[in-house]
2 protein chains.
Amino acid sequence: MTTPKTREDVVRAAGRLFAERGYHGTSMRDLGQELGILGSSLYSHIDGKDQLLVEVIRRGAAMFQGLADEVMASPGTAAERMRALVEGHVRIITEHVDEAATFLNELRFLPVEDRAGLIALRDGYQRAFRRLIEEGVEAGEFRPIEDPAMTSTFVLSVLNALVRWYRPAGPAEPDEIASRMYEFVMEGLT
Amino acid sequence: MTTPKTREDVVRAAGRLFAERGYHGTSMRDLGQELGILGSSLYSHIDGKDQLLVEVIRRGAAMFQGLADEVMASPGTAAERMRALVEGHVRIITEHVDEAATFLNELRFLPVEDRAGLIALRDGYQRAFRRLIEEGVEAGEFRPIEDPAMTSTFVLSVLNALVRWYRPAGPAEPDEIASRMYEFVMEGLT
DNA sequence: CCTACCGATCGGTAGG
DNA sequence: CCTACCGATCGGTAGG
């Protein structure tokens with residue numbers, strides 16, 4: 001009675017397990033079990049385990065890159081665009097934790113031929129934050145910041161760590177998380 | 001001519017590989033190779049692979065807990081103690097990246113009987129940050145903060161992410177990193 | 001610390 | 001999607 005699994009089902013289940021147990025902590029038999037089929041049956045949908053990792057991570061990367069492209073092409077002050085980046089980043093993670101977590105945690109296990117390209121995407125995303133910080137400093141919206149690259153790492157550290165503690169059943173709503181993150185990033189503790 | 005490996009050598013090499021490739025991405029044969037011996041020879045030093053994970057993570061946990069105990073028992077304003085926590089945290093990571101990274105990344109792979117205790121240690125460390133934030137708000141040193149628990153997560157996100165990007169050969173000195181982190185945590189971007 | 005293994009599990013294939 | 005497998009690798013042991 002249960003309808004046959006699709007390739008899409010397989011990729012999504014892979015994201016779930018890679019996020020939860022890591023790429024090397026997930027066997028093809030685990031993944032089959034998650035879908036109610038045998039591990040060997042997965043190979044009618046995909047070519048190999050590493051292909052699944054590539055596909056899950058590509059999805060994560062694409063969402064973040066899309067956000068950065070959109071926000072950086074839009075008008076507004078540096079503060080306004082920073083708010084848009086924070087809200088978008090939180091939305092991506094709360095709506096797609098698995099792909100986001102796998103993108104952020106399992107990049108190093110990618111096959112060599114895919115690794116460099118996806119790391120470049122991640123670095124490009126970080127560069128958007130750095131440029132925005134530089135613009136904000138120049139415009140006098142932000143305080144003088146000696147090392148915008150390192151500071152962009154700090155901002156992204158706060159945002160990315162959400163994949164580690166976000167739980168859909170948790171007490172905090174995504175909107176509330178985004179607001180408090182933006183506040184913290186802009187004002188710090190004082 | 002090379003002196004025999006000690007148990008200490010084994011634990012340290014395990015920390016290195018667990019940090020770099022993850023627990024499940026490291027085989028006992030990999031670990032042996034790192035030390036110039038066979039995988040099976042490791043068992044004259046240790047009882048099992050999971051024991052190595054427990055030991056590496058215990059070391060990481062102990063350093064952070066020691067820092068929190070020391071700082072929270074010392075006098076000083078909330079800001080002064082926050083600075084001490086940031087500086088200590090950065091020092092621990094820059095001097096012991098492997099144990100720190102394994103503690104922060106591989107906790108979930110611990111044997112069930114050790115997991116809860118070490119997670120409790122991590123949570124206790126985070127509680128020190130939360131209490132300090134609450135004290136700083138009450139004393140009027142920090143701005144009013146509605147959710148000190150979530151805010152402590154933000155501060156720790158910035159600090160913990162250092163295990164992901166710190167490289168001893170990198171351009172930034174530990175002291176400089178600590179200063180900029182403290183500045184960011186206190187003032188944010190504005 | 002090595003030699004020589006062990007059973008279990010891994011990613012993956014052929015054929016239906 | 002399953003049956004029935006494959007060679008390779010896994011964590012680990014006995015004996016020296």
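The structure displayed is predicted, hence computed values, not measured ones. Residue numbers start from 1 in every chain, and the chains themselves are labelled A, B, ... in the order their sequence lines are given, proteins ahead of strands.
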Problem - Check ion pair R21(B)-D30(B) (N to O, under 4.0 angstrom) - result: yes
Fill in the blank from the handout: The nucleotide from dA4(C), dC1(D), dC1(C) with an atom nearest the side chain of S40(B) is dA4(C)
Completion exercise
Per atom distances to the R29(B) side chain, the nearest of dC2(C), dC10(D), dT3(D) is dC10(D)
Practice task
Could you tell me how the ring of F184(B) sits relative to the ring of F184(A): parallel (under 30°), tilted (30 to 60°) or perpendicular (over 60°)?
Solution key: perpendicular
Fill in the blank from the handout: Closest to the 5' end of DNA chain C, once G48(A) and P4(B) are matched to their nearest nucleotides, is P4(B)
Handout entry: Separation of dC1(C) C1' from Q33(B) CD (nearest whole Å)
Key = 16 Å
Practice task
Would you indicate which nucleotide in dA4(D), dG12(D), dC1(D) comes nearest to any side-chain atom of K5(A)?
Solution key: dC1(D)
Practice task
In whole angstrom, give the distance that lies between atom CZ of R21(A) and atom P of dT9(C).
Solution key: 15 Å
Practice task
Give one of base, sugar-phosphate or nothing for H24(A), where a contact means two heavy atoms less than 4.0 Å apart.
Solution key: nothing
Practice task
Just call it for L38(A): base, sugar-phosphate, or nothing, with non-hydrogen atoms closer than 4.0 Å on any strand.
Solution key: base
Problem - Spacing of I46(A) atom CD1 relative to dG12(C) atom P, expressed in whole Å - result: 7 Å
Practice task
Tell me what G39(A) touches on the nucleic acid: a base, only sugar-phosphate, or nothing, going by heavy atoms under 4.0 Å.
Solution key: nothing
Problem - Length of the line joining L31(B):CG and dT9(D):C1', which is rounded to integer Å - result: 16 Å
Completion exercise
When every non-hydrogen atom of I92(B) is compared with those of M63(B), the smallest separation belongs to CD1-O, 3.3 Å
Exercise for the section: Scan every strand shown for a Watson-Crick or G-U wobble partner of dC1(C), both distances under 3.5 Å, and answer none if you come up empty. Expected result: dG16(D)
Practice task
Find the distance Q51(A):CD to dG11(C):P and express it as a whole number of Å.
Solution key: 15 Å
Practice task
Examine dC10(C): is either OP1 or OP2 under 4.0 Å from a nitrogen or oxygen in the side chain of S27(A)? Give yes or no.
Solution key: yes
Exercise for the section: Under 4.0 Å between any heavy atoms, over every strand shown, what does S44(A) touch: base, sugar-phosphate, or nothing? Just pick one. Expected result: base
Practice task
Would you mind reading off the distance between Y23(B) atom OH and dC10(D) atom C1', rounded to a whole angstrom?
Solution key: 11 Å
Practice task
Could you check how far CE of M28(B) sits from C1' of dC1(C), rounded to whole Å?
Solution key: 14 Å
Problem - Closest contact, heavy atoms only, M28(A) versus L42(A) - result: O-CD1, 3.2 Å
Exercise for the section: Tell me whether the OP1 or OP2 atom of dG12(D) has a side-chain N or O from Y43(B) closer than 4.0 Å. Expected result: yes
Practice task
Please state how far atom CG in D47(B) lies from atom P in dG12(D), giving the value in whole angstrom units.
Solution key: 9 Å
Fill in the blank from the handout: Rounding to 0.5 Å, atoms OG1 (T151(A)) and CD (E134(A)) come to a distance of 10.0 Å
